[in-house]
Visitor: 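Okay, handing you the structure first.
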Amino acid sequence: MRFKKSDIPENSGKVVSAPGEESAAVFRDAEGAFHVFATKCPHAACPVHWSEREKAWNCPCHGSRYEATGELKRGPAERGLFPKEFHEEGEEVVIDK
């Protein structure tokens, strides 16, 4: 899966998806670096969503919360989000399978 870097502003997050591929939770920090994770909460595999107000990932099923960079903020999950491998190609980010 690939997306344009400009699709995600600095200091913001977004769930990206493509037909037939697993979605990804992507955060772009204030320096422009990307952080990419699986969207499944490690607690019960519910899909996380981005909270622009909190600048954090939230799981709607049981209330787990994660830092923008994937670290666990509050459980019941016991670990942070699972990172996904990716690389940059020019003006795009490519998420490896």
Visitor: Determine, step by step, whether L81 and V48 satisfy the side chain to side chain contact (heavy atoms under 4.5 Å, CB included) criterion, reporting the C-alpha distance in whole Å, the side-chain angles of both residues, the deciding distance to 0.1 Å, and the verdict.
Guide: CA-CA 9 Å; L81 297 174; V48 297; 4.0 Å; yes
Visitor: With A18, which residues qualify under side-chain contact (heavy atoms from CB on, under 4.5 Å), at least two apart?
Guide: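 Partners of A18 under the side-chain contact (heavy atoms from CB on, under 4.5 Å) test: M1, E21.
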Visitor: With a cut-off of 3.5 Å and sequence neighbours excluded, list every side-chain donor-acceptor pair involving residues 6-15.
Guide:
from : atom 1 : to  : atom 2 : distance (Å)
D7   : OD2    : K4  : N      : 3.4
S12  : OG     : E52 : OE1    : 2.9

Visitor: Sequence neighbours left out, what pairs pass disulfide (SG to SG under 2.5 Å) with at least one residue falling in residues 4-44?
Guide: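 Listed once each, the pairs would be none.
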Visitor: Among residues two or more places apart or on two chains, list those pairs meeting disulfide (SG to SG under 2.5 Å) that have a residue in residues 3-38.
Guide: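 Residue pairs passing disulfide (SG to SG under 2.5 Å), neighbours aside: none found.
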Visitor: Please collect all ring-ring contact (aromatic ring centres under 6.0 Å, His included) contacts where either partner lies in residues 60-97, sequence neighbours excluded, each pair once.
Guide: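 Every ring-ring contact (aromatic ring centres under 6.0 Å, His included) pair that includes a residue of residues 60-97, provided the two are not neighbours, is H43-H62.
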Visitor: Kindly work out whether a path of hydrophobic side-chain contacts (I/L/V/M/F/W/Y, heavy atoms less than 4.5 Å apart) joins W57 to L72.
Guide: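 W57 clusters together with L72.
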Visitor: Let's go through V16 and I95 carefully: what are the C-alpha distance in whole Å and the side-chain angles of both, what is the deciding distance for side chain to side chain contact (heavy atoms under 4.5 Å, CB included) to 0.1 Å, and is it a yes or a no?
Guide: CA-CA 10 Å; V16 296; I95 301 171; 4.0 Å; yes
Visitor: Only pairs at least two apart or in different chains count here, so list each salt bridge (charged side-chain N to carboxylate O under 4.0 Å, His left out) that has a residue in residues 72-87.
Guide: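 Salt bridge (charged side-chain N to carboxylate O under 4.0 Å, His left out) check on residues 72-87 returns E22-K84.
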Visitor: Atom NE2 in H35, atom OG1 in T69: separation rounded to 0.5 Å?
Guide: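 Spacing of NE2 (H35) from OG1 (T69) equals 6.0 Å.
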Visitor: side-chain contact (heavy atoms from CB on, under 4.5 Å) with E92: which residues, sequence neighbours excluded?
Guide: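 Only R2 meet the side-chain contact (heavy atoms from CB on, under 4.5 Å) criterion with E92.
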Visitor: Kindly write out the residues that satisfy side-chain contact (heavy atoms from CB on, under 4.5 Å) with A68, not counting sequence neighbours, or none if the list is empty.
Guide: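 Listed in chain order: F27, W50.
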Visitor: Can you pull out every salt bridge (charged side-chain N to carboxylate O under 4.0 Å, His left out) where at least one residue sits in residues 61-72? Sequence neighbours excluded, please.
Guide: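 Checked against salt bridge (charged side-chain N to carboxylate O under 4.0 Å, His left out) - neighbours excluded - the pairs reaching residues 61-72 are E54-R65.
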Visitor: Among residues at least two apart in sequence or on other chains, which ones pass side chain to side chain donor-acceptor pair (under 3.5 Å) with S23?
Guide: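 So S23 forms a side chain to side chain donor-acceptor pair (under 3.5 Å) with T39.
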Visitor: Quick one: which residue pairs count as a disulfide (SG to SG under 2.5 Å) with a foot in residues 56-97, not counting sequence neighbours?
Guide: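 Only C46-C61 qualify under disulfide (SG to SG under 2.5 Å).
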Visitor: Any disulfide (SG to SG under 2.5 Å) pairs touching residues 62-97, not counting sequence neighbours?
Guide: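 Listed by first then second residue: nothing to list.
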